[in-house]
Structures are given as structure tokens and as C-alpha cells.
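Quick notes on the structure that follows.
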2 protein chains.
Amino acid sequence: MPHISTIESAASILRRRILDGALGPGARLPEEQTSAELSVSRHTLRAALRQLVAEGLLRHEPHRGVHVPILTPADVRDVFRLRRLIELDAVEGIAITGDVPRAAVEAVDGLVALGRTAGWHEVVEPDLRFHSALVDAAGSLRLARTYAAIQAEIAYCLVQLRPHYDRPEQVAREHRELLDAIVARNAALAVELMRTHLLDAEAHLLGALPESSRDRTLTTWKE
Amino acid sequence: MPHISTIESAASILRRRILDGALGPGARLPEEQTSAELSVSRHTLRAALRQLVAEGLLRHEPHRGVHVPILTPADVRDVFRLRRLIELDAVEGIAITGDVPRAAVEAVDGLVALGRTAGWHEVVEPDLRFHSALVDAAGSLRLARTYAAIQAEIAYCLVQLRPHYDRPEQVAREHRELLDAIVARNAALAVELMRTHLLDAEAHLLGALPESSRDRTLTTWKE
DNA sequence: ACGGCGGCGATTGTTCCACAACTCTGTGGC
DNA sequence: GCCACAGAGTTGTGGAACAATCGCCGCCGT
């Protein structure tokens, strides 16, 4: 039934583990052991790892295996710099053409429907969907591909922010305003709202990060 | 002895073949045959192909192998859109900080040193070096990584433009002006020069492309 | 003729096994 | 204490085999 290749499914299992926090920063992924856990051969596992490395979710060092990277404040700034570049361009284009993707509207609707005690996953998921829907709608295959690559890292950033990400109603309001500006085809306002939204998220993340950027040691790996 | 892995060297051989035009648009790369040619195992070859697919130099279709993509005008526009986004941001940053990378200066020196009958390779190589030096100097790892990914496609665009890329002195002059604006820390001028430079290149490419892209309107990625 | 139906060869996807190449660690000599 | 070195464990690469899938071609019924 799955038209999905084994390696893709292996990759997505690992991706989920990283984004769920089951594999913490610095965790190593021994090939033998990991391939056994996923019931795939070592070759297939290596292909999946390669893909995740290309996505930026894992790092590879020759003859030393792959490991979950430990994000530094510089990394966060770097990710958000590229993110701003892409999303601001996308939002501007969409606000001008008025070609608002349905998925973005639905994602925002989902956000505003959340109560103020919504869990982390319930908030983050539509948030990510909203942003990627916008970028996808920008009509550039390569822009979308690039964004997809760093969104994995963005999500990974947000994982570390989980305990601090506790104001769903504010997130919903900001996105609603942003979407309104877009459908009103007020490009200048939309871009400005997006910029402050992203800068806020970055600042929030940077403020929450330091404590977690040095607590875990490199040998953490759990089963 | 090079600590270069077998798969990296295989990938770079194939990369060169594509950029040299030895593998034309639409060419297929059968695993058995190609791995035999490169004297590597199929596993290693597949890993190399995977990498080139991630770089955008090859396309992969399940159970149908990989092939050199056929660029459409839409592809060229797409590549240059992302390219503009990245390079304009990088140039602006560098022109503000005044932190001009030595490699960029050397690349431009190389360009101006060329005679008007310089061959295609002699022009394109320092051109690419100049642009990637600027992006590298922007101080963003992910920006540089993204640019490196699409520069492969840029080079692949230029390959198809080879017969039309015949005015080395104009290329040299434009780059010299751009570099001067940067060292003069005139950010606005530098950005403007870069923008027109890139738009020119794109228009030039689009004008030269139709003959080779009209045979197959393509977009094989329809799945 | 025409358009499915099914088999067949070729290519890709995945696995198992083996071994070389390399890193890491701990032990012993100095 | 420091260096060297052997040993264990992990990663990198190769070879062969088999399963899964695609494309093609001929067969057949209408």
C-alpha cells in the first residue's frame, strides 16, 4: 500500500523522532543499532541519514557517524535570517497578486480555534503549515524546496522552545492579522507584520535557548 | 593523501560531466553502466546520485532512475529568482560592513585580465567564483549552502548559454564596477548594479534558451 | 484495425555478508 | 606524565542476490 519507498519512511520516522525530542541535541545514531530498530538494512538507513543530513537535521562527520546537532544562538540567527529572506519575499508576492492559498486560511482558522490551554503540538503544527503554505504559494519550486529544508530546522528550534511556547491565543491573533493584511492586498503591511512576527519568534527563541545549549552532553541517546 | 571519500569523488566526476555538457539535457544515468564506468559499486554510485539530486543537478523518478533535467524558461526564472534573493542580500550586507572577501577581488582581477577572445571556461569560472565568494562572505552558513546548491544549476544554465557567452570584456567591466561600489561601501549602488547584472544574465539566458527547450515542454515532475 | 490483457526483459530498490579503513580507548613502556 | 601501539568497535565500500516495478511487445477478443 505504501507507494512510499523504504528509505523515505525510515527518514520520516527519524525526522519525527528528532522533532519530537526523542533524539535530543548531540544524540548519536549508530548505524547498526539504528538500522536494527527500524528493521531496515544498513544501506537503506545510510541513505535515509544522508537525506536528513541534506535537510540540515543531522550532521555527518567522516568515520564518526551522524549526530543531532546542538544549535547555538548563531545557528538560530542564521536559520531565521534565511527564513526572513524567503518568507518576506513570498508574502510580498502573494499580497500583491492576492493569490491566497486555501491551506494558509485553513491553518489560521485552526489556530484561532485553539483554546488557551492548547498543547504544544496543536499550536506548532498549524503554525508550520501556515508558513509553508505561503511559501509554496509563492510559485517557486526552488524557493519552496529551500524553505522545506530549513523548516525542518525551524521545527527543531521550536522543539527546544516547547516549554516557553505557551500563548496560543497570541500566536493565533498575530497570524490572523497577517492573513488579513494579505487578503486585503496590503503588501507593505503584510511584509511588516511578517517581519515583526519572525523577529519576535527569533528573539523569543534566543532568550530561551542558552540554558539548553550546554546542559546535554554528547553521549545522550535513549531508546 | 586526500581524505576525500569515494562517493564525493564519484559525485564530482559526474558533476563535471554535467557541467561540461558531456551529459546533455535529458540524459539518463543507468546505475549498472555508470557505476562500472566510474569503477565504484552500485551502492556508492547511488549515494553520489542522491547527492547530485539534492543539489538539483539531477532528477530522480522512482523505479525509473535519474536523468539530467531539461531546463524550461520557467526553471531559469525560478533559479534566478532565488539567486537574486540571496545575492542581493549578501551584497547589501557586505557593502555595509565593507568586509570584502579577498577571493572576490582576485576573481574580478582574473576577469579583467582576460582577453576578448577568452574561452567559455575561462570566463565562467572566475564569474562563479566571484559570486560564491560574495555569498560565502555574507557570514551565513545556510545562505552559503543554499547558494552552493543552486549555483550548480546556475552553472548548468550557463552551459547551455555557452555559444552566446562571448563578451568577456563586458562581463569584466560589470564585475569591476560592482566590486568598486562594494569597496566604496555604497550599498544602494552595489545592490542596484547586482540586480541589473543578474537581470541581464537572466534575460540573456532566456533569449538563448528557447531553441533548446521548445522540443519538449516537459515538466516531467508530474507524478 | 483498435484497444485492453498479460507475460517478459531490463532497471531500480533493498537486503545480506564480507572486509577494508578509520576512530576511540585503554594499556604498558619509558 | 607522556607517547606508542594494539585491540575493539564503528563507519566506508564492494559484491552478489533477490524482490519490486516499469516499459515493451505480442496476443486476443470485439
Side-chain angles (χ1 to χ4, degrees), chain A residues 1-15 17-18 23 26-55 57-70 216-223, chain B residues 1-15 17-18 23-24 26-55 57-70 216 218-223:
Chain A
M1 112 129 47
H3 306 78
I4 282 292
S5 69
T6 309
I7 136 171
E8 281 305 326
S9 70
S12 56
I13 291 177
L14 291 178
R15 196 181 295 117
R17 283 195 190 177
I18 296 169
L23 290 171
R28 293 174 175 276
L29 293 172
E31 299 184 354
E32 195 91 39
Q33 186 160 2
T34 311
S35 62
E37 277 180 37
L38 301 186
S39 305
V40 299
S41 80
R42 214 157 66 88
H43 286 296
T44 307
L45 191 265
R46 280 168 66 82
L49 293 180
R50 229 165 247 290
Q51 168 141 355
L52 295 174
V53 167
E55 290 178 16
L57 269 182
L58 292 175
R59 289 192 198 286
H60 169 88
E61 293 174 83
H63 295 284
R64 298 171 82 218
V66 304
H67 59 90
V68 183
I70 301 177
R216 288 250 179 171
T217 99
L218 284 137
T219 53
T220 13
W221 95 273
K222 54 179 298 186
E223 49 78 45
Chain B
M1 221 46 87
H3 306 76
I4 202 84
S5 70
T6 308
I7 137 172
E8 280 306 326
S9 70
S12 56
I13 290 176
L14 291 177
R15 197 181 295 117
R17 282 194 190 177
I18 296 169
L23 290 171
R28 293 178 174 277
L29 293 176
E31 298 183 354
E32 195 84 41
Q33 179 178 338
T34 310
S35 62
E37 277 181 36
L38 300 186
S39 305
V40 299
S41 79
R42 249 183 81 209
H43 291 299
T44 307
L45 191 264
R46 280 169 67 82
L49 293 180
R50 229 165 248 291
Q51 166 137 0
L52 294 174
V53 167
E55 291 178 16
L57 269 182
L58 292 175
R59 299 239 155 125
H60 168 88
E61 293 174 80
H63 295 282
R64 292 160 97 237
V66 304
H67 59 87
V68 183
I70 302 176
R216 259 297 199 189
L218 142 92
T219 64
T220 67
W221 87 298
K222 175 215 163 306
E223 275 8 64

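In what follows, chains carry the letters A, B, and so on, assigned in the order in which the sequence lines appear, proteins first and then strands, with residues in each chain numbered from 1.
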(request) Could you pull out all residues at least two apart from A:Thr6 that satisfy side-chain hydrogen bond (donor to acceptor under 3.5 Å, both in side chains)? (result)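 Once residues adjacent in sequence are excluded, A:Thr6 has no partner under the side-chain hydrogen bond (donor to acceptor under 3.5 Å, both in side chains) criterion.
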(request) Mind checking side-chain hydrogen bond (donor to acceptor under 3.5 Å, both in side chains) for A:Ser12 and listing every partner two or more places apart, or none if nothing turns up? (result)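 Here no residue qualifies.
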Quick one: list whatever passes salt bridge (Lys or Arg N to Asp or Glu O under 4.0 Å) with [X], sequence neighbours left out.
{"X": "B:Glu31", "answer": "B:Arg42, B:Arg46"}
{"X": "B:Arg17", "answer": "B:Glu37"}
{"X": "B:Arg15", "answer": "B:Glu55"}

(request) For A:Leu45 and D:dT10, give me the distance from atom CG to atom P, rounded to whole Å. (result)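 From A:Leu45 CG to D:dT10 P: 14 Å.
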(message) Within the 4.0 Å limit for protein heavy atoms, which parts of nucleotides 8-14 of chain C are touched? Write it as a string from 5' to 3', B for base, S for sugar-phosphate only, - for none.
(response) ----BBB
